[in-house]
Amino acid sequence: MSKQDGIATAAEDSDVDPILRIRDLTVRFEMDRGTSRVLNGVDLDIRRNEIIGIVGESGSGKSMLASALLDAVVAPGITDGEITYHPPTDEPIDVLDLSEEARRQFRWEEISMVFQGALSSFNPTMDIRGHFEETLEAHGYPIGPGIDRAAELLNDLYLDPDRVLESYPHELSGGMKQRALIALALVLEPEVLVMDEPTAALDLLMQRSIVSLLADIRDKHDLTMVFITHDLPLVTKLADRIGVLYAFEFVEVGETEAILRDPAHPYTRALLNATPNLDAPLEEMRPIDGSAPDPVNVPSGCAYHSRCPLATDDCEREQPRMESVTGSHDVACHHWTEVDEIPLTNEVDR
Amino acid sequence: MSSRTESVDVLESDKALETVADETLTRRDRWELAIERSVLAPARIVWSDLRARVGIAILSGFVAMAIVGTRVIDEPRTGEGDRLEPAFQSLAHPLGTDSVGRDVLGQIVHATPNMLLMILAGGVFTTVMATTVGTTSGYLGGRADRLIMSVTDIVMTIPGLPLVVILAAALSPQNPLVIGVILTINAWAGLARAIRSQVLTIRKNAYVEASKAMGISTPSVVRRDILPNIMPYVLINFVEAARNVIFASVGLYFIGVLPYDSVVNWGVMIDLAYQGGALQSMAATHWLLAPLLTITLLSFGLIMFAQGTDRMFNPRVRARHTTSNDGTDSTASPTGDRR
Amino acid sequence: MRRYYFERTAQLVFTVLAVMTLTFFLVRLLPGGPADALRANLIRNNPEMTADQIDRRVEAQLNIMPDDPLHVQYLTYITELLQGDMGQSLSQGAPVTDVIASAAPWTIFTVGTAVAIAFVIGISMGALMAYREGSRFDSGATITSVLLNSVPDYIYGIIFLWILGYQLDIFPTGGRYSSSTEPTINLLTPIQTLAFVGDVLWHAALLISAIVLVAWGGWALGMRGNSVQVLGEDYLRVARLRGLPQRHIAFRYVGRNAVLPMYTSMLITIGFLLGGSIILEQVFSYPGMGYYMIEALERRDYPLMMGVFLVITITVAIGVYVADLTYGLIDPRARVDGGGSS
């Protein structure tokens with residue numbers, strides 16, 4: 001299968017100021033039964049100070065994207081392509097080409113991450129203060145001001161800094177650990193915060209309250225956030241833009257409003273229709289038929305054709321390219337102009 | 001390769017079968033299933049492991065020595081050869097003779113039956129005691145559980161060897177079966193605790209709850225639902241207990257704590273050789289080394305056997321074997337008789 | 001938490017009482033009975049004594065009044081034990097307490113040193129094996145430790161003694177220290193002190209090595225298992241992402257989290273090796289507690305034998321007790337409640 005599926009379109013417009021420019025990003029694992037491409041030639045521009053939501057079902061490659069942004073794909077995975085980081089003042093940095101020491105500094109100082117196993121992300125035999133101190137120390141930051149900043153962050157996240165700093169991980173609840181971890185990710189004042197399913201292990205109420213805190217944090221600290229989740233309605237509450245991943249590639253990227261109101265890809269429509277909604281009658285909820293494709297054997301043509309009601313012979317043969325719907329709203333579908341044939345049965349509000 | 005997979009499958013399908021279709025089976029069928037599940041199927045998996053094969057070969061060798069060897073080789077007598085004949089010099093005394101001319105090989109061989117009896121007694125006592133205490137305690141729960149576990153903790157705290165020394169002095173046991181039990185007098189406690197926690201885990205399983213809800217009596221729930229699940233665990237600990245019996249009995253015979261009236265005992269041989277100057281002069285080396293190597297070989301055999309069986313009970317190992325060999329030949333009947 | 005401390009303490013007290021009771025009845029089971037043996041002995045050596053005097057001597061030495069009702073005997077026995085009086089050693093001609101007090105430090109020294117060495121070797125090897133999981137080093141070390149484990153420590157002892165003691169004459173074949181060396185522990189005479197300590201280590205070296213050879217493997221395998229688990233934890237990945245130095249991760253993350261759960265088992269092992277050294281002390285004629293226990297057994301010196309048994313057992317019981325109670329202090333995970341609110 002060819003790597004090139006999308007030409008960079010609206011994202012390449014000169015008026016946007018990308019902090020991260022991703023081109024043809026591929027992550028593969030060589031396995032006995034073939035090459036597994038868990039990210040397949042992805043292009044994306046992440047704009048400075050935006051919150052971008054990356055949505056996809058499990059096994060769509062979204063966690064790999066998160067790891068790749070920090071060049072932290074676990075062995076034996078191989079990351080190819082280009083990720084360019086544009087610091088506010090200095091020269092752009094090629095993330096995948098950093099020396100080991102430079103990469104060590106880059107992580108957490110420029111881009112930091114809160115990832116899936118948030119509840120087990122702390123050393124169980126070390127108090128929370130120890131985690132902040134060792135991080136500051138490893139990056140040569142002064143401890144005193146660093147701890148002050150940590151306390152301020154914890155405070156912003158509605159935690160009692162004195163109590164939390166002296167606690168051991170098991171003494172904190174899931175939601176407290178999650179927020180402490182966000183504070184830990186921000187203690188070195190990074191420019192970008194990548195969050196991979198940060199709220200998956202929390203209850204609904206806690207998810208909502210953390211999401212609303214994140215918006216405040218972004219404003220206060222001029223952050224860029226990449227919020228990766230399978231939960232489309234959750235991320236619409238927060239994100240400025242949304243990218244939909246299907247089968248290790250983006251199928252639709254656009255402003256949240258546009259994605260919600262005029263989803264141009266059949267898959268995005270299916271995702272929206274599959275969203276549980278207390279107000280909608282049950283029969284209008286549509287689970288998506290079929291299952292996510294195997295990374296070793298991605299279907300030819302459009303990877304979604306076997307599950308798509310609009311699929312034609314073209315879709316089986318030819319891979320759709322990214323096309324512009326309006327402005328910065330892009331979609332990769334041969335039939336996006338006919339997509340209204342799939343009605344939106346479900347209102348998802350912001 | 002395929003036999004492993006099937007055996008695993010048989011193991012699991014039987015489990016499912018018994019819990020679902022128990023009532024429809026005759027008593028005989030159930031016994032056949034039980035034997036298949038807890039003896040034959042595991043045995044096939046065990047045999048596929050090299051270490052287990054080594055272990056089984058060594059252990060079989062010792063059993064053969066006890067049964068056949070004692071008939072073929074004469075019981076050692078004083079003066080049947082020269083004093084301290086070296087090993088590998090004559091066919092009459094392949095391992096040489098001791099300081100009063102007794103055949104060393106004969107001593108080794110004729111000591112085997114009693115040692116195996118001791119091991120068996122110790123292993124059986126430990127596992128039966130531990131299984132009884134552990135399952136009862138874990139199954140009863142509540143106050144009874146706490147009481148039994150307190151007693152178990154106390155027994156566990158008493159260091160085995162000094163206690164055994166005192167018991168041996170007090171009872172002067174001669175019978176190898178009694179010695180085996182005395183040597184493992186408090187070895188059951190640790191295993192009982194482990195079995196109890198296994199039982200606590202299993203107890204939560206739905207089918208045990210279901211049996212209780214259906215009003216099936218406690219002993220039969222223990223026997224039908226709980227025992228089969230902990231059998232693998234018990235087997236490994238049986239081997240462990242057996243090994244400790246060898247170490248302790250030889251050691252205690254060696255230091256003269258256990259009474260003896262016959263020289264055909266490995267520990268006694270070491271003691272006599274040690275006192276007879278085997279350390280100081282090279283002339284008696286064979287007399288000392290023969291029992292030392294025998295003990296090492298036997299305990300090595302037991303360890304290899306335990307390691308081999310351990311692999312089969314390790315779910316990760318089992319999972320690996322199931323996935324890597326699937327679909328080769330799945331004609332196993334539920335009772336598992338193939339080939 | 002307080003409830004746990006209380007229950008644990010009650011259990012300790014109960015254990016000690018149970019062991020004392022056990023020895024009380026076991027003494028009565030012993031062949032000939034110690035009182036009879038002692039009485040016969042006294043009559044033979046002191047024909048001029050009256051029966052009454054002999055009874056009193058028997059009582060003084062054994063903590064037993066043979067003619068009192070059993071429950072009175074029992075209470076007297078327990079009371080005197082609790083006062084630290086374990087009777088008179090017949091074979092050593094001294095109070096049991098004194099004999100044990102002079103022997104115990106030697107056993108504790110050898111066993112303690114052996115456990116410390118085995119522990120250090122074990123956890124270092126285990127951590128290395130985990131870091132190189134699946135390598136040739138890993139499987140080689142696993143096989144070695146299993147092989148070493150399939151031989152009891154006293155066999156190593158005999159072989160060491162035979163080769164290194166008698167045949168090559170590198171190490172002494174018995175005793176605590178050379179008769180030519182003055183026992184000196186004095187900071188003012190450092191040379192003599194060093195010479196003495198060196199001599200003591202030289203005498204104990206083979207015994208200690210025999211224990212180490214058997215004991216390290218178990219810890220290595222335990223440490224390996226724990227470390228492999230920790231290496232797969234999420235917090236380790238996060239620690240690496242945070243750019244913490246390798247050494248810091250190895251010690252504060254892998255080491256700490258893998259070793260702490262082994263703390264209790266280490267204290268318990270020390271206790272059990274105190275008892276397990278009985279045979280080794282015989283092999284090396286090393287006069288520690290186990291050596292005296294067998295001495296006493298052979299010479300029907302039951303008070304001394306029971307005394308050693310009591311001391312070893314109670315030491316183990318207290319060791320386990322301390323291990324259980326202090327585990328919460330060293331491993332925050334074990335502090336279920338309390339802690340955070342303080």
Side-chain angles (χ1 to χ4, degrees), chain B residues 51 146 149-151 153-172 190 243-244 246-248 250-257 259 267 270-271 273-274 277-282 284-285 288-289 291-293 295-304 306-307, chain C residues 7 10-12 14-15 18-19 22-23 25-31 146-147 149-155 158-159 161-163 165-167 173 268 271-283 289-290 293-294 297-298 300 302 305-306 308-310 312-313 315-317 319-321:
Chain B
R51 289 172 299 181
R146 293 211 352 224
M149 278 305 113
S150 295
V151 174
D153 281 344
I154 291 175
V155 174
M156 205 154 62
T157 309
I158 301 175
L161 206 55
L163 177 67
V164 167
V165 166
I166 289 187
L167 284 177
L171 305 173
S172 298
R243 205 165 63 90
N244 289 339
I246 309 175
F247 285 12
V250 172
L252 293 184
Y253 274 115
F254 165 56
I255 62 173
V257 168
I270 299 176
D271 188 24
Y274 180 87
L279 297 181
Q280 290 88 340
S281 83
M282 295 303 273
T285 307
L288 179 68
L289 283 185
L292 290 190
L293 292 178
I295 296 154
T296 308
L297 187 67
L298 180 52
S299 90
F300 177 69
L302 282 168
I303 285 200
M304 286 294 107
Q307 294 244 322
Chain C
E7 283 184 0
Q11 199 193 335
L12 175 71
F14 194 72
T15 307
V19 173
L22 185 70
T23 56
F25 286 105
L26 276 176
V27 165
R28 273 149 194 80
L29 269 177
L30 286 165
V146 169
L147 285 181
N149 233 314
S150 65
V151 180
D153 53 10
Y154 56 83
I155 289 195
I158 294 173
I159 292 174
L161 192 65
W162 171 47
I163 298 177
Y166 285 104
Q167 301 302 326
T173 56
I268 293 173
F272 277 86
L273 283 174
L274 286 182
S277 64
I278 289 180
I279 301 176
L280 266 180
E281 289 185 349
Q282 286 295 307
V283 171
M289 284 196 286
M293 186 173 186
I294 303 304
L297 175 76
E298 279 166 359
R300 303 220 158 173
Y302 297 129
M305 189 173 103
M306 289 303 170
V308 173
F309 174 69
L310 272 175
I312 291 180
T313 309
T315 310
V316 174
V320 177
Y321 174 73

**Request:** Find the distance between CD1 (C/Ile312) and CG (B/Leu161) and round it off to the nearest 0.5 Å.
**Result:** 9.0 Å
**Asked** Could you state the interatomic distance from CZ (B/Phe247) to CG (C/Asp153), rounded to the nearest 0.5 Å?
**Response** 8.5 Å
**Message:** So for B/Ile303, is it side chain, backbone, both, or neither that comes closer than 4.5 Å to the heavy atoms of chain C?
**Reply:** side chain
**Asked** Which one, C/Val19, C/Val320, C/Leu161, C/Ile158, leads in non-hydrogen pairs under 4.5 Å with chain B?
**Response** C/Ile158
**Message:** Between C/Leu274 and chain B, with a heavy-atom cut-off of 4.5 Å, which part of the residue counts as in contact: side chain, backbone, both or neither?
**Reply:** neither
**Fill in**
Heavy-atom closest pair (B/Ser150 atom, C/Gln11 atom, distance to 0.1 Å) is O-NE2, 4.0 Å
**Request:** Determine, stepwise, if the pair C/Trp162 / B/Leu292 fulfils side-chain contact (heavy atoms from CB on, under 4.5 Å).
**Result:** CA-CA 13 Å; C/Trp162 171 47; B/Leu292 290 190; over 6 Å; no
**Request:** With rounding to the nearest 0.5 Å, note down the distance linking CD1 in B/Ile154 to CG in C/Leu22.
**Result:** 11.5 Å
**Item:** C/Val316 portion near chain B, given a 4.5 angstrom heavy-atom threshold
**Value:** both
**Prompt:** Counting heavy-atom pairs under 4.5 Å to chain C, which of B/Ile246, B/Leu252, B/Thr285 comes out on top?
**Reply:** B/Thr285
**Prompt:** Are C/Thr313 and B/Pro159 side-chain neighbours, meaning at least one heavy-atom pair lies under 4.5 Å?
**Reply:** yes
**Message:** Counting heavy-atom pairs under 4.5 Å with chain C, which one of B/Leu302, B/Ile270, B/Ile255 comes out on top?
**Reply:** B/Ile255
**Message:** The test is side-chain contact (heavy atoms from CB on, under 4.5 Å); show your working for B/Val250 and C/Tyr154 and say whether it passes.
**Reply:** CA-CA 10 Å; B/Val250 172; C/Tyr154 56 83; 3.3 Å; yes
**Prompt:** Between B/Leu167 and chain C, which part of the residue has a heavy atom less than 4.5 Å away: side chain, backbone, both or neither?
**Reply:** side chain
**Message:** Any non-hydrogen side-chain atom of B/Ile158 less than 4.5 Å from a side-chain atom of C/Phe309?
**Reply:** yes
**Request:** Go through the atoms of C/Ile294 and report whether side chain, backbone, both or neither lie under 4.5 Å from a heavy atom of chain B.
**Result:** side chain
**Item:** B/Ile166 to C/Met293 - nearest heavy-atom pair and separation
**Value:** CG1-CE, 3.6 Å
**Prompt:** Under a 4.5 Å heavy-atom cut-off, does chain C meet the side chain of B/Leu298, its backbone, both or neither?
**Reply:** neither
**Prompt:** B/Thr296 versus chain C, heavy atoms under 4.5 Å apart: side chain, backbone, both or neither?
**Reply:** both
**Request:** Enter the distance from C/Leu12:CG to B/Asp153:CG here, rounded to the nearest 0.5 Å.
**Result:** 12.0 Å
**Request:** May I ask you to test the C/Val283-B/Phe254 pair for a side-chain heavy-atom distance under 4.5 Å?
**Result:** yes
**Message:** Any heavy-atom pair between the side chains of C/Val308 and B/Pro162 that's under 4.5 Å?
**Reply:** no
